[in-house]
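Reading through the structure tokens given below for one structure.
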Amino acid sequence: MIKKEISKIFRDMADLLEVKGDNPFRIRAYRRASQSVEGISSDVSKMTEKELVSIPGIGKDLAGKIKEYSETGKIGAWEDLKRDVPEGIIDIISIPGVGPRTAKLIFDELGISTLEGLESALEKGRLRGIGHIKDKTEQNILKGIKLIKKGRERVSIGLALPLAEGIVRYLKEEPYVDQISVAGSIRRWKESVKDIDILVTSDEPSKVMHRFVSMAGVSDIIAKGSTKSSVYMNDGIQVDLRVVDDACFGAALQYFTGSKEHNVRLRELAVKKKLKINEYGVFDAKTEKFLGGRNEEDIYKVLDLKYVEPELRENTGEIVASAEGTLPKLIEVKDIKGDLHVHSDWSDGGHSIEDIAMAASRRGYKYIALTDHSKGLGIANGLTEERILAQIKEIDKVNKQMNDFTVLKGLEVDIRSDLTLDIRDEVLSRLDIVVASIHSGFGQSKEKITKRLISAMENPYVDVIAHPTGRLIGKRDAYEVDMDEVLKAAKRTGAVIEINAFPARLDLNDIHTKEAKKLGVKLAISTDTHIEDHFDYMKYGVAVARRGWLEKKDVINTKSAKALIDHLKKKRKD
DNA sequence: GCCGTTTTCGGCCCGACTGTTTTCAGTCG
């Protein structure tokens with residue numbers, strides 16, 4: 001993943017430049033570029049200079065550095081910089097509470113440039129008295145190092161959201177808590193988050209603060225002020241709480257929802273209009289007159305912008321679209337009429353066909369596609385051709401008992417390492433819907449894996465590609481796959497790409513989803529349900545779709561069962 | 001280092017909390 005490497009180099013360069021005391025705006029430019037590069041869906045190494053420069057935050061100079069890395073595997077300026085400032089200092093800056101100034105101080109005075117070196121110096125008391133460092137700072141740095149060693153990884157939204165909702169419920173129990181909302185990257189539904197942000201309005205902020213820092217599960221209080229507090233929870237996740245007045249709830253919610261880049265853009269627009277935006281509202285820059293902020297909409301309105309949904313606030317084109325009135329009408333959970341990736345106890349699911357169908361019907365769905373594994377996945381009790389035919393009969397029986405609900409006959413067929421499917425076409429042709437996916441040979445080359453997916457799509461009976469990159473967030477990286485080529489092939493063949501809503505998968509991800517839409521590829525949002533509760537994961541899949549700018553019409557399981565079947569039949573004919 | 005219906009040069013978002021230098025720098029989001 002060359003773009004990840006380049007993105008990291010730019011980020012690291014920003015850190016080292018900061019330690020050097022370089023121009024802060026130059027540093028910001030590197031950070032911005034790092035983010036931009038990471039967000040690109042196509043292969044940076046294949047892009048021309050002209051294409052590179054069209055990326056926001058990439059100018060001539062940085063385009064040159066990207067080219068240099070693509071061609072030589074190195075960036076001269078980065079190598080030079082590392083000679084000036086040791087790379088290990090990046091680890092030191094990553095300690096909470098230690099920034100570039102402190103890191104530089106420690107390096108200049110003691111020559112320390114590694115975490116281990118810093119820890120042993122601290123234990124020997126060598127930092128005491130250097131610059132601003134006294135005993136309290138010393139303790140804080142030690143605490144920070146321990147925290148890093150514990151591994152402050154990003155937490156998946158599937159873990160963070162329930163935790164955040166729990167804290168909201170706990171705070172809400174008190175009458176002095178008026179309005180309350182989760183903010184930050186959770187409200188934007190990012191697939192993984194670094195911390196939890198919560199916003200409260202109250203007439204008695206100090207009481208709120210006290211209740212917050214004394215809740216169960218708090219391991220450490222980072223800061224406790226009159227309007228803002230931060231704590232670490234036992235599992236290492238940080239939670240920030242802000243209390244504001246009712247009159248500025250909207251402004252604060254907008255501000256704390258971010259992203260930072262989105263907000264910076266808004267404030268730049270505000271400056272041009274002789275306005276000032278902060279977490280307390282929109283103000284006239286000169287007279288300081290309050291112009292709005294009770295509702296989030298106020299902020300956008302005053303800038304002549306249409307309201308931007310939180311999931312879109314990443315400074316990836318949403319502000320321009322908002323100004324032009326071309327924002328998408330984002331898909332919602334209630335638009336979903338059925339789930340197209342569901343397992344039963346015929347393979348590795350936990351319920352009978354009838355029970356899982358009833359569960360889906362209770363949730364208001366009109367259909368599910370039963371997509372048990374095929375025989376290639378022996379460990380999951382995958383179905384042989386004979387069992388598939390038997391299952392078809394069983395589904396017919398269940399459908400007769402159901403009211404206003406259809407179980408579609410489906411299969412999650414295995415794409416084998418040799419490009420073939422493990423179930424014969426004659427059997428596939430008997431099914432309503434065939435979902436194909438890779439469960440083996442993850443280590444194959446990018447070319448090979450890409451070919452496997454494309455050849456599966458070229459089979460007339462394959463309708464959907466499930467979890468197309470195979471990643472498990474925090475556990476297993478995506479296999480190497482040329483997603484550009486896969487999406488183009490999807491467009492060409494009419495195959496649908498799945499957004500797997502399982503919180504550990506979220507695969508397709510948001511960036512590729514946006515790319516798929518641009519190419520006109522249709523998507524399905526499915527939960528990969530194995531037990532009934534997994535149906536509740538649909539919201540995470542819809543969130544990915546919303547972050548990918550999808551509308552109802554882009555997603556096939558917003559159709560009625562009949563319209564869906566008609567849509568799928570078209571591919572088989574073509 | 002990027003960027004331009006005010007600019008190709010001169011800008012580049014804004015505020016809270018901590019520790020400690022009694023007026024503010026450093027860090028964070």
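Only heavy atoms go into these numbers, but all of them, side chains included; no hydrogens, no water, no symmetry mates.
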>> Using the C1' atom as the point on both nucleotides, what is the distance between B/dG10 and B/dT6, in whole Å?
In response: 13 Å
> More 5' along DNA chain B: A/N23 or A/K276, using each one's nearest nucleotide?
Replying inline: A/N23
>> Do A/E138 and A/N140 pair up side chain to side chain, a donor and an acceptor below 3.5 Å, judged on atom types alone?
In response: no
>> Under a plain distance cut-off of 3.5 Å, with no hydrogens placed, do A/D246 and A/Q179 share a side-chain donor-acceptor pair?
In response: yes
>> Under 4.0 Å, heavy atoms only, any strand: does A/R265 hit a base, just the sugar-phosphate, or nothing?
In response: nothing
> Does a side-chain N or O from A/Y280 land closer than 4.0 Å to OP1 or OP2 of B/dC13, or not?
Replying inline: no
>> Between B/dT8 and B/dC14, how many Å separate the two C1' atoms, rounded to a whole number?
In response: 28 Å
> So A/H262 and A/Y300, would you call those rings parallel, tilted or perpendicular, with 30° and 60° as cut-offs?
Replying inline: tilted
> Is the phosphate of B/dG19, meaning OP1 or OP2, less than 4.0 Å from a side-chain N or O of A/N140?
Replying inline: yes
>> Ignoring hydrogens and geometry beyond distance, is a side-chain donor-acceptor pair present between A/S34 and A/S7 at under 3.5 Å?
In response: yes
> So which of residues 212-231 of chain A are in contact with DNA chain B, with a heavy-atom cut-off of under 4.0 Å?
Replying inline: A/A223, A/K224, A/G225, A/S226, A/T227, A/K228
>> Set out, in order, the CA-CA distance, both residues' side-chain angles and the distance that settles side chain to side chain donor-acceptor pair (under 3.5 Å) for A/S259 and A/R313, then state yes or no.
In response: CA-CA 6 Å; A/S259 65; A/R313 300 181 194 168; over 6 Å; no
> Under the 3.5 angstrom rule, does the side chain of A/K67 hit a backbone N or O of A/M47 as a donor-acceptor pair?
Replying inline: yes
> So, A/Q254 and A/N263: side-chain donor and acceptor under 3.5 Å apart, yes or no?
Replying inline: yes
> Knowing that exactly one of A/D477, A/N509, A/D507 qualifies, which makes a side chain to side chain donor-acceptor pair (under 3.5 Å) with A/T469?
Replying inline: A/D507
>> Can you tell me if A/Q238 touches the phosphate of B/dC28, counting only side-chain N or O atoms and a distance under 4.0 Å to OP1 or OP2?
In response: no
> Counting only Watson-Crick or G-U wobble pairs whose two distances fall under 3.5 Å, which nucleotide matches B/dG26?
Replying inline: B/dC17
>> Under 4.0 Å, heavy atom to any atom of DNA chain B: which of residues 123-139 of chain A qualify?
In response: A/H132, A/K134, A/K136, A/T137
> How far does the C1' atom of B/dT20 sit from the matching atom of B/dA25, given to the nearest Å?
Replying inline: 10 Å
